[in-house]
Protein chains: 4
Amino acid sequence: MNRPSTSDRVLPVTPRGQKTRQKLLRAAESVFGEKGYERASIADITRKGGVALGTFYVYFPDKQSIFVEVVDELGERLRRLIAEAVSGLKDRLQVERTGLRTFFEFARKHPNLYRVVRQAEFVDEACYRRYYDRFARGYVSGLTQAMDAGQVRRMDPEVLAYCLMGIGDFLGMRWVMWEDDPGLERVLDTAMALIRHGLEPRPSSKPGKSPAASPKRGARGARNALRTLA
Amino acid sequence: MNRPSTSDRVLPVTPRGQKTRQKLLRAAESVFGEKGYERASIADITRKGGVALGTFYVYFPDKQSIFVEVVDELGERLRRLIAEAVSGLKDRLQVERTGLRTFFEFARKHPNLYRVVRQAEFVDEACYRRYYDRFARGYVSGLTQAMDAGQVRRMDPEVLAYCLMGIGDFLGMRWVMWEDDPGLERVLDTAMALIRHGLEPRPSSKPGKSPAASPKRGARGARNALRTLA
Amino acid sequence: MNRPSTSDRVLPVTPRGQKTRQKLLRAAESVFGEKGYERASIADITRKGGVALGTFYVYFPDKQSIFVEVVDELGERLRRLIAEAVSGLKDRLQVERTGLRTFFEFARKHPNLYRVVRQAEFVDEACYRRYYDRFARGYVSGLTQAMDAGQVRRMDPEVLAYCLMGIGDFLGMRWVMWEDDPGLERVLDTAMALIRHGLEPRPSSKPGKSPAASPKRGARGARNALRTLA
Amino acid sequence: MNRPSTSDRVLPVTPRGQKTRQKLLRAAESVFGEKGYERASIADITRKGGVALGTFYVYFPDKQSIFVEVVDELGERLRRLIAEAVSGLKDRLQVERTGLRTFFEFARKHPNLYRVVRQAEFVDEACYRRYYDRFARGYVSGLTQAMDAGQVRRMDPEVLAYCLMGIGDFLGMRWVMWEDDPGLERVLDTAMALIRHGLEPRPSSKPGKSPAASPKRGARGARNALRTLA
DNA sequence: CATGAATGAGATTTCATTCAT
DNA sequence: AATGAATGAAATCTCATTCAT
């Protein structure tokens, strides 16, 4: 049932056919986002793409295939974008904040991102998992490094990754789709307030390298109690 | 496109009919969860419900209506369940942990919860918003109270609510649907480690640039309670 | 791929639905015969049957199913008709002649018989085989009895059955479909001249009783030569 | 709907093009045989032929044309093959046996023969009739000569030809396609036993009721020859 | 209330054929 | 001559909904 994702496929380089193929992918992304997978018809896609109905089947074997390709592609673009945006950053909190911001901005530019990806669950579960798995994989490895570097408190990195992804996902959804925009940076501030303290290696104390940390406050005993109990 | 939600509608009270109505709602929940809204047919629902096809239209005007009702009902049940579970709890961290646990358990018992709700976006957007809005509303008011009580650091409560909902949502999704179960309490431990420090009223230190970061208020007693219990 | 044939299925006795079902079967028989399986559309069938397009799918899961049912039914009717026609006859030659005549008359009344059955090969091979197998089975057992009774010379009864079926088939095809009709009885005369001598228990002369031909006659050398050469 | 058959058309003589043309004809024969006319696509044919889709239309105006050509060609090859095989034979029974054997062997080598020809009925009826007419024409003239020579009893030669063709057709179908092969010569033995006595000039005996039965003509010598040789 | 036969609009998919290169 | 991208007509099949009983 699964098809190889876009990234696993060798793309032909003929610019000729690719133009139409790209037109269809763009059209599909938009139509799937607007109407949802099931309500989107092939005719909608070809109409929006400006080609004839039959042309669709020159490039894709069926509706599911183009959907999967759209999702895989969106995921890839988003991951690459975030990776580039955070590539030079040393501080994990900066990575988080920049990553969130990049994600939000991408989601705003591609208002269908959410709407498309969410549907994958019912169209091709493998594709759906792939989307989040790949995201999570990168997240986990980044967090693990940060933990090793003492920038982030030790916890199960996979669970943590899902927590942070969940924050980004829900916040993004709210910010992008529900239109009373409180301003990107203000949203980021609040989210980062939560994340910063949640992640800081020693909830209170020890500046070290960690820039966001240097808590320096007392209440050591209490903190230890917390550690023990929580 | 939107229809009034179930709660706004006058429900017939005949007990006889209610039995059939309930059968249909149960069947619909299950069928929608398994096949998705579009692929689920009225015939599937009536078959599973053990009634004749035509009977469906005695109780519901159309397919969308029953879907909306299912979603509204699920949301209501879940909210009530969580509300009851946390009702006696004074400590916000306990509320968070218990809420999460209740949610996870509900999601595991109703494996279709996610699958059904996620689709609402394309079936009836109002219903979809309603689901999260109501959830968020309760969350926001709880958090606000906790902030007022000095149990939680001051931040934009709505943004915070979405962050916490996102954590629950993603973690639940991962825990419920992706089957390598690391154990509920262990997952909760990690999540709570993040949340606890993220929420604790006396942020460790050093606001830096982040504007939303410096509550600086007292409420030590509350904090100590937090430390002790969470 | 194969479906159970009509004869193997329990037919509901509701006269209600059956009327429509029969209408569709009749229409299908005629349309398949006229246009061929592939060129016949469901719309053609329902139009001829006087029902709406969708009604087709209330009674048949797909096009192939109704085709198979038409073929099975035709075969059954034909076999029953021939069986009745020859059922009192003692003499095998009379059985052959009567069988042929019955077949020709049936084929003329159902001009689509040939055209429908021939296509079965490409639509559902099992159905195709079934058609001829069942026919052959009856033929073989009749011939074997006649051989036991000394009415027919001993030969491989199955091969013989196919020879005789072939005669009927081709002759019927020619007589029914290619329109220069030389008269049924005249055609039968010629066919029977071939068959009679081909079947008669003692190839040359002398009726007598001699059942399975215990060849007792002279000219052994010649016969042996025949056997060897022919 | 009918098109002129290949034999009536002027064939281009470019040797270059002929190679491609032949490739297409071979591919078409095989594809038509495997999938049937309607299910076989031009793309199937060109793929199997190893040429581009558009090339098809350089050599054939449409799908029907190549089909008709394939059928005509098959018929021609088969007729020529049989004609050659029986060309030296004087004895009609030997002709029959050899003809049958040649046909069976051809059918086995070209397993698509039957499948292709049978479809002609719905693709181009003229082509279908042509196939059998030409076959029958040769058969009739051969039988007439044999009757004139006293080798075969007098009967309506056309009806007789169809009887014999039917025997060959059905037996061939059974032998070629239904795989429990009893051995070619054994099948021929039985068929020839039927045919030999059916054809022998001096019908053995017993006029009885059958009207067409009493030729009573001489030609003893011939009969003896038959007996001896066949 | 309950039923289920009947409907027909609409969706996906196939493919013979054209045509610019 | 050869190519293959593009076309759009047509076919199969699904299913929400209606309605007479």
Side-chain angles (χ1 to χ4, degrees), chain A residues 14 16-21 23-24 38-46 49-65, chain B residues 12 14 16-17 19-21 37-47 50-66, chain C residues 14 16-21 23-24 38-46 49-65, chain D residues 12 14 16-21 38-47 50-66:
Chain A
T14 332
R16 185 87 175 82
Q18 282 314 300
K19 221 181 288 175
T20 301
R21 202 167 198 283
K23 274 195 283 187
L24 287 169
E38 298 287 352
R39 283 162 128 93
S41 72
I42 306 292
D44 289 332
I45 295 173
T46 52
V51 296
L53 179 56
T55 305
F56 177 88
Y57 292 91
V58 174
Y59 294 97
F60 302 93
D62 51 29
K63 194 177 163 184
Q64 185 176 292
S65 295
Chain B
T14 332
R16 175 91 174 87
K19 224 183 286 173
T20 301
R21 202 165 198 283
Y37 178 79
E38 298 288 351
R39 282 153 141 91
S41 68
I42 305 294
D44 288 332
I45 295 172
T46 53
R47 206 178 306 123
V51 297
L53 179 57
T55 306
F56 178 89
Y57 290 90
V58 175
Y59 292 98
F60 302 93
D62 52 28
K63 192 182 172 184
Q64 186 176 280
S65 298
I66 195 174
Chain C
T14 334
R16 183 88 175 83
Q18 283 314 300
K19 221 182 287 176
T20 301
R21 211 184 139 81
K23 274 195 282 186
L24 286 170
E38 298 287 353
R39 280 152 130 97
S41 72
I42 306 293
D44 289 333
I45 295 173
T46 52
V51 297
L53 178 59
T55 305
F56 177 88
Y57 293 91
V58 174
Y59 293 98
F60 302 93
D62 52 27
K63 194 179 164 185
Q64 184 176 292
S65 296
Chain D
T14 333
R16 176 90 174 86
Q18 279 314 299
K19 225 181 286 172
T20 301
R21 201 166 200 283
E38 298 288 352
R39 282 153 142 88
S41 68
I42 304 294
D44 288 332
I45 295 173
T46 52
R47 206 177 306 123
V51 298
L53 178 57
T55 306
F56 178 88
Y57 290 90
V58 175
Y59 293 98
F60 302 93
D62 52 28
K63 193 182 171 184
Q64 186 176 281
S65 298
I66 196 174

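Each chain gets a letter, A, B and so on, in the order the sequences are listed, and its residues count up from 1.
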Nearest-Å distance for atom pair NZ/P, residues D:Lys19 and F:dA1: 15 Å
Rounded distance (Å) that lies between atom P of F:dA1 and atom CZ of D:Arg21: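 Going from CZ in D:Arg21 over to P in F:dA1 covers 12 Å.
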side-chain N/O C:Thr20 vs E:dA6 OP1/OP2, d < 4.0 Å: yes
Any B:Tyr59 side-chain N or O less than 4.0 Å from OP1/OP2 of E:dA2: yes
Closest to side chain of B:Ala52, choosing from F:dT7, E:dA6, E:dT3: E:dT3
Reported CG-to-CZ distance for the pair D:Leu53 and D:Arg47, which is rounded to 0.5 angstrom: 9.0 Å
Side-chain heavy atoms of B:Tyr57 within contact of B:Ile42, under 4.5 Å: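 When only atoms from C-beta onward are counted, B:Ile42 and B:Tyr57 do touch, with a gap below 4.5 Å.
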Sugar-phosphate or base contact per nucleotide [nucleotides 10-20 of chain E; S, B, -; heavy atom under 4.0 Å]: --SBB-SBB--
By ring pair (Phe, Tyr, Trp, His ring centres under 6.0 Å) - contacts of A:Phe56 (at least two apart):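 In terms of ring pair (Phe, Tyr, Trp, His ring centres under 6.0 Å), with neighbours along the sequence ignored, A:Phe56 is linked to A:Phe60.
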E:dC1 to F:dT21 separation - C1' atoms, rounded to the nearest Å: 13 Å
Smallest separation among heavy atoms of A:Lys23 and A:Val51, with atom names: NZ-CG1, 4.2 Å
B:Tyr37 side chain near A:Glu38 side chain, heavy-atom distance below 4.5 Å: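 No, their side chains stay 4.5 Å or more apart.
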Qualifying residues under side chain to side chain contact (heavy atoms under 4.5 Å, CB included), relative to B:Ala52, sequence neighbours excluded: B:Thr55
Secondary-structure notation, DNA chain E, from Watson-Crick and G-U pairs under 3.5 angstrom (| other strand): .||||||||||||||||||||
